[in-house]
Amino acid sequence: YVWQRRWTPELVRTVADAAEVFGAYRVLVGEVDARGVVAVAVDWPALAAAKRPVTLVLRIPGATPDIDIAAAGDLLIDAHAAAVAERVTVTGIEIDHDCARSQLPAYVNLLHALRSRVDTPLAWSITALPDWLQSDALVEVLAEVDASVLQVHAVARPGDGLFDAAQALRWIRAYARVTPRPFRVALPA
């Protein structure tokens, strides 16, 4: 994940230096905040020089009630066009939404609307939370995407730290029983 909102010279050097280590990048291209849908000024030439495939990531905070689908879709379309214009290989779109479990049915609708708006042959993925395993709506959410990334770095009890390997393995196994599609696991760095 390249999660910076500002592309500094240090970030450009890091992306270049890390290209031999990473097979692909997931790049934050925009997020939803109090102002609405806000684009990140991505350094596409730096990513082109890295010669690694890129997944475009849109971040939606968990507490975001209404999302302007047209603006979010346009942001993703524009980011895709800008990347392609710089000869960056774009392989997918990822939505990173820490959605509350109770809001998963609405998330299904959001994903469907975004996919309808952004008509590209790219693979769609989401980040998923272990808490969603407690909802029957998780199956519907996963049906809207081609893949997912299960985030197993969570703090159930702050005193326990950021990562519990035994708990993470339980979540991974439970998630594998639910998802019909490939998934990755996000670990803390």
Side-chain angles (χ1 to χ4, degrees), residues 1-3 21-32 37 42 47 52-62 64 67 69 72-77 79-81 83-84 88-156 162-189:
Y1 285 96
V2 179
W3 213 247
V21 176
F22 298 110
Y25 288 115
R26 282 173 151 69
V27 177
L28 182 67
V29 297
E31 58 189 328
V32 177
V37 179
V42 175
L47 288 166
R52 292 293 177 259
V54 168
T55 296
L56 311 174
V57 182
L58 175 63
R59 170 85 177 110
I60 304 171
T64 306
I67 296 163
I69 297 296
D74 289 349
L75 180 142
L76 291 167
I77 291 166
H80 182 247
V84 169
V88 173
T89 301
V90 178
T91 57
I93 292 173
E94 183 167 284
I95 307 301
D96 177 19
H97 182 25
D98 293 344
C99 181
R101 181 185 348 145
S102 63
Q103 295 300 309
L104 287 176
Y107 191 28
V108 171
N109 297 333
L110 171 85
L111 289 168
H112 184 77
L114 271 176
R115 284 193 79 158
S116 296
R117 175 87 181 174
V118 182
D119 185 23
T120 65
L122 300 172
W124 282 71
S125 63
I126 58 166
T127 56
L129 300 176
D131 182 59
W132 297 357
L133 288 162
Q134 307 302 314
S135 173
D136 293 336
L138 175 57
V139 173
E140 296 173 54
V141 170
L142 293 172
E144 288 293 327
V145 295
D146 304 301
S148 58
V149 180
L150 179 63
Q151 299 180 349
V152 297
H153 47 283
V155 180
L162 183 61
F163 183 70
D164 178 333
Q167 178 61 62
L169 187 56
R170 286 191 295 274
W171 285 330
I172 293 165
R173 287 181 174 149
Y175 195 77
R177 288 189 295 270
V178 174
T179 183
R181 304 198 189 328
F183 73 98
R184 296 179 187 271
V185 176
L187 300 169

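Under the side-chain hydrogen bond (donor to acceptor under 3.5 Å, both in side chains) criterion, Tyr175 pairs with Ser148, not counting sequence neighbours. In this view, Arg181 satisfies the salt bridge (charged side-chain N to carboxylate O under 4.0 Å, His left out) rule with no residue, not counting sequence neighbours. Residues passing the side chain to side chain contact (heavy atoms under 4.5 Å, CB included) test with Ala186, sequence neighbours excluded: Val149, Gln151, His153. Residues satisfying the side chain to side chain contact (heavy atoms under 4.5 Å, CB included) criterion with Ala137, sequence neighbours excluded, are Leu104, Pro105, Ser135. Under the side chain to side chain contact (heavy atoms under 4.5 Å, CB included) criterion, Val178 pairs with Leu133, Leu138, Val139, Leu142, sequence neighbours left out. Shown here are the ring-ring contact (aromatic ring centres under 6.0 Å, His included) partners of Phe22, two or more places apart in sequence or in another chain: there are none. Contacts of Asn109 classified as side-chain hydrogen bond (donor to acceptor under 3.5 Å, both in side chains), with partners at least two apart in sequence or in another chain: none. Partners of Gln103 according to the side-chain hydrogen bond (donor to acceptor under 3.5 Å, both in side chains) rule, which considers only residues two or more places apart in sequence or in another chain, do not exist here. Partners of Tyr107 under the ring-ring contact (aromatic ring centres under 6.0 Å, His included) rule, at least two apart in sequence or in another chain, are His97, Trp132.
Judged as a salt bridge (Lys or Arg N to Asp or Glu O under 4.0 Å), the pairs with a partner in residues 88-100 (not counting sequence neighbours) are, in order, Arg26-Glu94, Arg59-Asp96, Arg59-Asp98. Sorted by first and then second residue, the salt bridge (Lys or Arg N to Asp or Glu O under 4.0 Å) pairs with a member in residues 167-179 form an empty list; sequence neighbours excluded. Sorted by first and then second residue, the salt bridge (Lys or Arg N to Asp or Glu O under 4.0 Å) pairs involving residues 127-146 (not counting sequence neighbours) are Arg101-Asp131, Arg115-Asp146.
Between atom CD1 of residue Ile60 and atom OG1 of residue Thr127 there is a gap of 9.5 Å, rounded to the nearest 0.5 Å. With rounding to the nearest 0.5 angstrom, the OG1 atom of Thr91 is 13.5 Å from the OH atom of Tyr25. Here Leu110 contributes atom CG and Ile67 contributes atom CD1; the two are 4.5 Å apart, rounded to the nearest 0.5 Å. Distance CG/Leu114 to CG/Leu76: 6.5 Å, rounded to 0.5 Å. Atom-to-atom distance recorded for Ile69:CD1 and Asp74:CG is 11.0 Å, nearest 0.5 angstrom. Here Ile172 contributes atom CD1 and Phe183 contributes atom CZ; the two are 6.5 Å apart, rounded to the nearest 0.5 Å.
Closest non-hydrogen pair, His80 versus Leu122, comes out as CD2-CD1, 3.6 Å. Minimum interatomic distance between Leu28 and Trp3 (heavy atoms only, all atoms of both residues): CD2-O, 3.8 Å. For the residue pair Trp124 and Val145, the shortest heavy atom distance occurs at O-CB, 3.5 Å.
In this structure, Leu56 and Leu58 have side chains that are not in contact, with every pair of non-hydrogen atoms separated by 4.5 Å or more.
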